[in-house]
Amino acid sequence: MTFTDLNKLKADLEKNFQNFPLVEKPTDIIHGEGNESAAVMLIGEAPGYYESVQRRPFVGRSGQLLRKVLTESGLEESQVYISNIVKVRPPDNRDPLPEEILAFKLYLDAEIEIIKPKLIVTLGRFSMAKFLPEVKVSEVHGRLHKVKWNNRTLFVLPMYHPAAALRATRVKEAFIKDFAKIEKIIAWVETASEGEEFTEIVKEALL
Ligand code: URA
C-alpha cells in the first residue's frame with residue numbers, strides 16, 4: 001500500500017495495531033512528530049518511559065538533550081521531523097529486537113517517502129544500521145554519507161544517540177560538536193544534485 005500523508009499512515013498503523021510486536025493497544029504507539037515537509041528527519045531507536053506516557057518521541061532525559069542541542073545548533077522545530085525505528089517502548093527499555101525493527105520497517109520507510117527529507121540524521125547504532133550496516137558509530141559520527149536507498153540517493157548523517165551522550169562526557173562533547181556542523185551540512189545538501197560527488201573542499205568543511 002502506498003501512503004500519501006502521515007495522518008493516514010498513523011491511522012492505518014493504529015487500526016492494525018494487533019499485527020505489531022510490543023503493541024497491546026493503539027495508544028502504545030508513539031508516532032513520529034514534526035513538519036511533514038521537514039528538510040531534516042531524525043531517527044532514534046524506540047520510545048522510553050516518558051515518551052510512552054506523553055505519547056511523543058524524545059521527551060525524556062535524552063530527548064531534552066537532543067532538543068536543546070538542536071536549538072543551539074540553529075535548527076527550528078519546523079525544519080525537523082523526529083521519529084524512531086520502533087514505535088513502541090520495549091520492556092525495561094531493552095534494545096529493539098531485529099523482528100521488531102522489521103515489523104515497523106514498512107511504516108518508517110513510508111514516513112521517509114512522505115517527508116522526503118534532504119538529510120536523515122540517525123541517532124545511535126540501530127537507526128544507523130538501516131542505511132550504513134557495516135560501520136561503527138564511534139568511527140563515522142558527524143560525517144556525511146551519501147547512500148542508495150530504495151532507488152534513491154539519500155544523505156545520511158550518523159550521530160551518537162543522546163542517551164550515550166548522557167552516559168559519557170567524551171561522547172557528549174562529540175555529540176554537541178557534530179550537531180554544531182549541521183547547518184553547514186544542510187546548506188550543502190540542499191544545493192547538491194543527485195549525481196554530484198563531494199569535492200575535497202566540501203568534504204573538509206563538512207567533516
Ligand atoms: N530514545 C529513543 O531512541 N527514542 C525516543 O523517542 C526516546 C528515547
Side-chain angles (χ1 to χ4, degrees), residues 6 9-10 13-14 17 20-36 38 40-73 75 77 79-112 114-115 117 119-133 135-138 140-142 156-168 171-172 174-176 178-179 182:
L6 287 177
L9 185 68
K10 290 173 184 177
L13 178 57
E14 292 194 11
F17 75 95
F20 290 86
L22 302 171
V23 190
E24 286 173 8
K25 51 191 184 310
T27 50
D28 289 340
I29 298 164
I30 314 306
H31 297 291
E33 90 173 16
N35 190 336
E36 187 154 338
V40 184
M41 179 167 177
L42 294 121
I43 308 176
E45 198 175 299
Y49 171 76
Y50 290 100
E51 287 76 24
S52 62
V53 171
Q54 292 186 37
R55 299 208 61 210
R56 293 180 61 202
F58 282 104
V59 289
R61 273 188 76 223
S62 59
Q64 283 164 19
L65 173 65
L66 174 67
R67 288 171 190 268
K68 179 168 172 279
V69 170
L70 277 179
T71 309
E72 285 170 3
S73 61
L75 277 185
E77 290 262 325
Q79 284 178 282
V80 301
Y81 183 87
I82 305 180
S83 198
N84 280 305
I85 40 171
V86 167
K87 314 291 183 194
V88 184
R89 182 189 179 206
D92 303 320
N93 296 338
R94 64 152 167 73
D95 287 347
L97 301 175
E99 58 267 31
E100 291 160 357
I101 295 175
L102 193 64
F104 287 98
K105 179 181 179 298
L106 254 181
Y107 180 76
L108 177 60
D109 288 357
E111 274 181 305
I112 297 171
I114 292 168
I115 296 160
L119 177 69
I120 292 187
V121 176
T122 58
L123 300 163
R125 66 195 158 105
F126 290 100
S127 58
M128 183 185 73
K130 179 175 178 69
F131 307 100
L132 302 165
V135 298
K136 286 185 171 170
V137 191
S138 57
V140 297
H141 65 91
V156 176
L157 183 61
M159 298 288 205
Y160 279 115
H161 193 284
L166 286 173
R167 284 192 297 266
V171 175
K172 187 172 179 183
F175 181 76
I176 292 170
D178 289 343
F179 268 100
I182 205 163

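Every number for a ligand or one of its atoms is a count from 1 in the order of the listing. Residue numbers start at 1 and run along the sequence shown.
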Proximal atoms of ligand 1 relative to [X] (non-hydrogen, under 4.0 Å):
{"X": "Gly44", "result": "3 (O)"}
{"X": "Pro57", "result": "6 (O)"}
{"X": "Ser62", "result": "8 (C)"}

Within-shell test, Gly60 vs ligand 1, heavy atom, strictly < 4.0 Å =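 In this structure, Gly60 fails to qualify as a contact of ligand 1 - no heavy atom is under 4.0 Å.
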Would Arg56 count as a contact of ligand 1 if the rule is a heavy atom under 4.0 Å away?
->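 False for this residue.
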Given that the side chain starts at C-beta and the backbone is N, CA, C, O, which of these parts of Ala46 lies under 4.0 Å from ligand 1, counting heavy atoms, or is it both or neither?
->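 For Ala46, the contact with ligand 1 is made by the backbone alone.
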With heavy atoms under 4.0 Å as the rule, classify the contact between Glu45 and ligand 1 as side chain, backbone, both or neither.
->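 Contact part for Glu45 vs ligand 1: both backbone and side chain.
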The single option from Ile29, Val88, Asp28 passing side-chain contact (heavy atoms from CB on, under 4.5 Å) against Leu22 =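 Considering Ile29, Val88, Asp28, a side-chain contact (heavy atoms from CB on, under 4.5 Å) with Leu22 is found only for Val88.
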Closer than 3.5 angstrom, by distance alone: can the side chain of [X] be matched with the main-chain N or O of [Y] as a donor-acceptor pair?
{"X": "Ser52", "Y": "Arg89", "answer": "no"}
{"X": "Glu51", "Y": "Gly48", "answer": "yes"}
{"X": "Arg55", "Y": "His31", "answer": "no"}

Which heavy-atom pair separates Lys87 from Ser83 by the least distance, and what is that distance?
->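 That would be NZ-OG, 2.7 Å.
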Closest contact, heavy atoms only, Ser73 versus Ile182 |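 Ser73 and Ile182 have their closest heavy atoms at OG-CG2, 3.8 Å.
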Return yes when atom CZ of Phe17 has more than 12 non-hydrogen atoms of other residues, nucleotides or ligands closer than 6.0 Å, and no otherwise.
->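 More than 12 within 6.0 Å, yes.
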Looking only at N/O atoms, are His161 and ligand 1 under 3.5 Å apart anywhere?
->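 His161 vs ligand 1: N/O contact under 3.5 Å present.
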Can you tell which of Ile82, Asn84, Leu42 gets a heavy atom nearest to atom 6 (O) of ligand 1?
->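 Nearest option to atom 6 (O) of ligand 1, by heavy atoms: Asn84.
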